[in-house]
Structure formats: structure tokens, C-alpha cells
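Here the structure is laid out as C-alpha cells; the discussion comes afterwards.
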There are 2 protein chains.
Amino acid sequence: MALGDAILACLTERPMTGYELAKTFDSSIGFFWKADHQQIYRELSKLRDRGYIQGREVVQTGKPNKLIYTLTPEGRTALRHWAARPSTPPSIKDDLLIRLHALDSIDIEPIRTDLMDRLEHHRDRHENYERILKKRFPEGTASDVLDLGNLLLLRLGARHEQMVADFCEEALDALSAMSGKDKGTGTVVPLDDGKREKG
Amino acid sequence: MALGDAILACLTERPMTGYELAKTFDSSIGFFWKADHQQIYRELSKLRDRGYIQGREVVQTGKPNKLIYTLTPEGRTALRHWAARPSTPPSIKDDLLIRLHALDSIDIEPIRTDLMDRLEHHRDRHENYERILKKRFPEGTASDVLDLGNLLLLRLGARHEQMVADFCEEALDALSAMSGKDKGTGTVVPLDDGKREKG
DNA sequence: CCGTTGTTTACCGTAACCGACAAAAGTCGG
DNA sequence: CCGACTTTTGTCGGTTACGGTAAACAACGG
């Protein structure tokens with residue numbers, strides 16, 4: 001039940017509606033944790049059933065009434081209990097790694113373009129993190145505990161993206177060097193046989 | 001269907017039984033991708049249904065008969081098709097990050113011990129990667145494409161663990177500096193109220 | 001009039017996770 | 001020698017998580 005706890009964590013900042021939470025999960029923590037609005041609404045119902053959050057209905061004319069969710073004391077305690085448990089180190093689970101593992105059985109050109117796309121992607125994200133860091137923490141230091149958490153988060157994000165970007169570059173270089181060495185020895189059969197999986 | 005493709009990728013090396021695959025997912029790719037034997041067996045059935053792999057039954061006296069799975073040409077093609085598609089950059093999804101995001105609403109001591117545990121964990125894994133790297137690639141270079149993939153994999157793993165380990169250290173330092181600053185201002189209510197969630 | 005923003009909910013499918021069971025042989029303790 | 005436990009090889013069922021499509025329904029913009 002990690003998504004539920006993520007939501008509880010978000011609600012410690014301020015009460016929010018499901019819609020706002022969904023947008024939050026599209027920006028700040030969303031960099032680390034993806035969740036679309038359906039998941040969030042479902043999780044909110046569960047949390048409400050458990051008494052961890054409380055929804056205050058705000059009548060709106062025109063739009064459907066919105067539900068502003070607030071953490072209950074039980075919710076706070078539950079979050080603290082959860083946070084007091086040891087975290088489980090996640091695995092990387094990047095498709096790219098599987099491709100690399102079977103590098104000799106697949107086509108290299110698509111991997112190259114993929115690596116280039118990924119390089120760009122991770123560089124963008126890295127820049128984004130650095131930008132936010134410079135704006136929110138120009139001194140590089142945090143004043144209180146809440147800020148410290150966010151500073152650390154951003155730093156981890158930045159480093160992670162940097163690391164992966166560097167890796168992509170290195171992989172591209174290595175592939176170039178390699179394809180210079182054994183040109184034509186691999187599987188160079190073209191892939192476009194018309195049949196594509198829909199999944 | 002990423003697990004299925006991971007299995008196909010493993011079977012490019014050599015034909016294997018479900019049991020062997022499960023052990024493989026406990027060591028080499030298992031560093032990046034976790035899957036227990038039940039998941040693997042079910043995925044194997046699916047792959048067989050689709051004609052991507054073929055099981056050859058080997059009668060054993062004593063033990064139950066084992067099924068050695070081999071990639072079919074269709075399986076190879078499917079894998080190549082899959083590998084030719086762009087990969088999706090995964091999100092980090094580490095519980096620790098959620099804890100950090102709500103750092104001012106939780107207890108800091110458990111986080112410290114957690115960070116210390118994680119530091120040790122990631123250092124161990126880092127050493128492990130470096131050990132394997134030194135053993136398999138003492139020159140730091142790969143001879144063929146298959147080796148290149150594995151070399152890159154190991155390097156990414158090593159860097160990742162290093163990065164996270166560094167982060168843990170930094171976080172611990174920052175927490176120490178912070179707790180020196182605002183001692184006693186946070187929530188210092190003890191957590192042991194006896195009630196623990198079972199989940 | 002059609003598309004987008006705001007807000008929430010419903011249904012359905014797949015993927016992943018987790019715990020138990022089965023069956024037969026090998027190993028260890030008493 | 002009997003029982004308990006582990007290894008090897010699988011199967012079954014349940015729950016959580018994830019993802020997509022879409023349906024309400026009003027207002028606002030072009």
C-alpha cells in the first residue's frame with residue numbers, strides 16, 4: 001500500500017481534492033512516482049474507508065461538487081507508523097536493461113535511437129531538477145525539516161538523471177566502437193516484415 | 001508484458017527450465033528485475049501458448065519431469081520486435097522518497113536507521129557489482145556484442161548503487177546537521193502505542 | 001457547435017505480488 | 001526406520017496495482 005501512503009504524505013502539506021492530488025502526482029512527487037487520477041480516486045476511497053482521511057464536500061454550481069480531503073489524526077498516526085518501518089529498496093526495472101542483456105539477439109540500430117532518445121529525456125529532466133533547485137534552494141541549504149526533505153529529493157532526482165544520462169552516452173560510445181569492430185557479423189536482417197503485435 | 005520479454009531475453013543465452021529461470025532471476029538480471037518462480041511459470045505458460053517458446057519434457061527418475069524451454073523462431077522475432085520499440089523510462093518509486101517528502105510529519109530516528117541500513121545495502125551491492133566487473137571484465141572492455149551488453153549492465157548497476165549510497169550518506173549528514181539546529185521542535189512523541197498495522 | 005478545463009466516478013482488463021499446495025526423492029536427527 | 005525438512009518442479013487462487021476508455025455535467029473559448 002505504498003500509493004496510499006504517498007497520498008497521505010502529500011496531504012500533510014495541505015488538504016487537497018482528488019483532482020489537485022492528480023496534478024501533484026503529475027509534477028512534484030510525480031517525478032518519482034507515477035499515478036493517474038483513477039488510481040488516486042480509488043485509493044482515496046480506500047483511505048476514507050479506513051478513516052485516514054476525511055472528505056469535506058464543497059458545493060459548486062456548474063462543476064460537480066468537489067471533495068477536499070484532510071488527514072485525520074488516525075491518518076497521521078498511520079503515516080508515522082508506516083514511515084517508521086524500514087523501506088524496501090526497489091529494483092531498477094528498466095526495459096532498456098533487458099534489451100542490453102540480449103544485445104546480441106536484437107537489432108542494434110533501434111537501440112541506438114532509443115538510447116539517444118533516452119539521453120535527451122534524462123538530460124531534460126536533469127536540467128529541470130537543477131532549475132528547480134536553483135530557484136528553491138539558491139544557497140544549497142534548507143532552513144527547516146520540511147525543506148530539507150524536498151531539497152534531498154530534488155538532489156537525488158538530479159543525480160539519478162545525470163547518472164542515467166551519462167550511462168546512455170557511454171553505451172552509445174561503446175556501441176559505436178563495437179559496430180566499427182564487427183560490422184556485418186550480427187543479425188542484420190531487416191525487421192519490417194509487416195507483422196506487428198498490437199500489445 | 002515486460003516480464004515475458006525478460007524471460008525471452010534470458011532464453012536467448014541458452015534453453016532453461018522454469019526452475020533455472022527462477023534462479024537466474026535471483027542473481028544476474030534479478031539485480032534489476034525481481035520475479036518469483038510462480039510468476040515465471042505462469043509467464044512461461046503464456047509464452048508457450050503464443051508459440052514463442054517450446055517446452056521439451058525431460059523425464060527424470062525421482063524428481064518430477066522437467067520442461068526445458070527453448071526459444072522458437074517466432075519467439076526470437078517477437079523479442080526483436082519488442083526490442084525495436086522505444087523503451088519507457090521508469091520512475092524511481094522508492095518508499096524512502098515518500099518519507100523524505102513528508103519529513104516534517106514523521107519521526108526522524110527511524111528514518112536515520114533506515115538510511116543507515118540502506119547505505120549498507122547499497123554499498124554491499126556496489127561492491128558486488130565491482131567484484132563481478134573485475135572478475136568478468138578485468139580489462140574494462142568487452143570483446144563481442146553479448147559481452148558488451150553485460151558489461152554495460154554491470155556498470156549501470158554499479159553506478160546506481162554508488163549514487164544511492166552517496167545519497168544516503170548525504171541525507172544522514174544533512175539530518176544530523178538539522179537535528180542539531182532545531183532539537184526538540186519537531187514531533188518527538190514516542191510511537192510505541194502498541195497498535196501496529198498488520199499490512 | 002465543438003473542444004477544452006474542471007471534477008468525480010465506473011467498468012474492465014492485464015500485470016504484478018503473495019501465499020499455499022503437490023509430489024517425489026534426498027538428507028538429517030533421533 | 002520414522003518423521004521432518006529441503007530440493008526440484010510445477011499449479012492454483014486471491015489481492016493489489018496499474019492502465020485505458022469513457023461517462024456524467026457545467027462553463028468557457030473560438
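Every value quoted in this text rests on a predicted model; they were computed, and no experiment measured them. Chain identifiers are assigned alphabetically (A, B, ...) following the order of the sequence lines, protein sequences preceding nucleic acid strands; residue numbering begins at 1 within each chain.
Residues meeting the side-chain hydrogen bond (donor to acceptor under 3.5 Å, both in side chains) test with H160(B), sequence neighbours left out: none. In this view, D36(B) and Q39(B) satisfy the side-chain hydrogen bond (donor to acceptor under 3.5 Å, both in side chains) rule, not counting sequence neighbours.
Per the geometry, CG belonging to L3(A) stands 13 Å off C1' belonging to dG19(D), to the nearest Å. In this structure, CE of M16(B) is placed 13 Å from P of dG10(D), rounded to the nearest angstrom. In this structure, D36(B) places its CG atom 13 Å from P of dA20(C), rounding to the nearest Å. A straight line from CG of L44(B) to P of dG10(D) spans 9 Å, rounded to a whole angstrom. Rounding to whole angstrom units, CD1 of residue I68(B) and C1' of dT9(D) are separated by 12 Å. In this structure, K34(A) atom NZ and dG19(D) atom C1' are separated by 14 Å, rounded to whole Å. Distance N65(A) CG to dA24(D) P: 18 Å, rounded to the nearest Å. Whole-Å rounding puts the E20(A) CD to dT5(C) C1' distance at 14 Å.
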Please list, pair by pair, any protein nitrogen or oxygen found under 3.5 Å from a nitrogen or oxygen in nucleotides 9-11 of chain C.
{"residue": "dT9(C)", "atom": "O4", "partner": "H37(A)", "partner atom": "NE2", "Å": "3.2"}

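In the hydrophobic clustering, where aliphatic and aromatic side chains (Ile, Leu, Val, Met, Phe, Trp, Tyr) are joined below 4.5 Å either directly or transitively, L146(A) stands alone.
Residue contacts shown for K23(B) are absent, as no nucleic acid heavy atom lies under 4.0 Å away.
When only modelled atom types and interatomic distance are considered, R125(A) and N128(A) share no side-chain donor-acceptor pair under 3.5 Å. When only modelled atom types and interatomic distance are considered, S176(A) and R112(A) share a side-chain donor-acceptor pair under 3.5 Å.
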Taking Watson-Crick (N1-N3 plus N6-O4 or O6-N4) and G-U wobble (N1-O2, O6-N3), each under 3.5 Å, can you produce the dot-bracket string of DNA chain D? Use [ ] for crossing pairs and | for inter-strand ones.
||||||||||||||||||||||||||||||

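A sub-4.0 Å separation between OP1 or OP2 of dA17(D) and a side-chain N or O of K46(A) is present. Side-chain N/O atoms of Q39(B) include one lying less than 4.0 angstrom from OP1 or OP2 on dC17(C). Residue K93(A) places at least one side-chain N or O closer than 4.0 Å to OP1 or OP2 of dC17(C).
Panel note: side chain R99(A), backbone A83(B); a donor-acceptor pair is recorded below 3.5 Å.
Results of the side-chain hydrogen bond (donor to acceptor under 3.5 Å, both in side chains) test with H126(B) over E130(B), R123(B), H122(B) single out E130(B) as the only residue that passes.
Within the structure, every pair that satisfies the side-chain hydrogen bond (donor to acceptor under 3.5 Å, both in side chains) test and touches residues 132-141 of chain A, not counting sequence neighbours, is listed here: R136(A)-D147(A).
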Which is it for S87(B) and R118(A) under the side-chain hydrogen bond (donor to acceptor under 3.5 Å, both in side chains) test, yes or no, and what are the steps along the way?
CA-CA 8 Å; S87(B) 65; R118(A) 290 289 295 265; 2.7 Å; yes

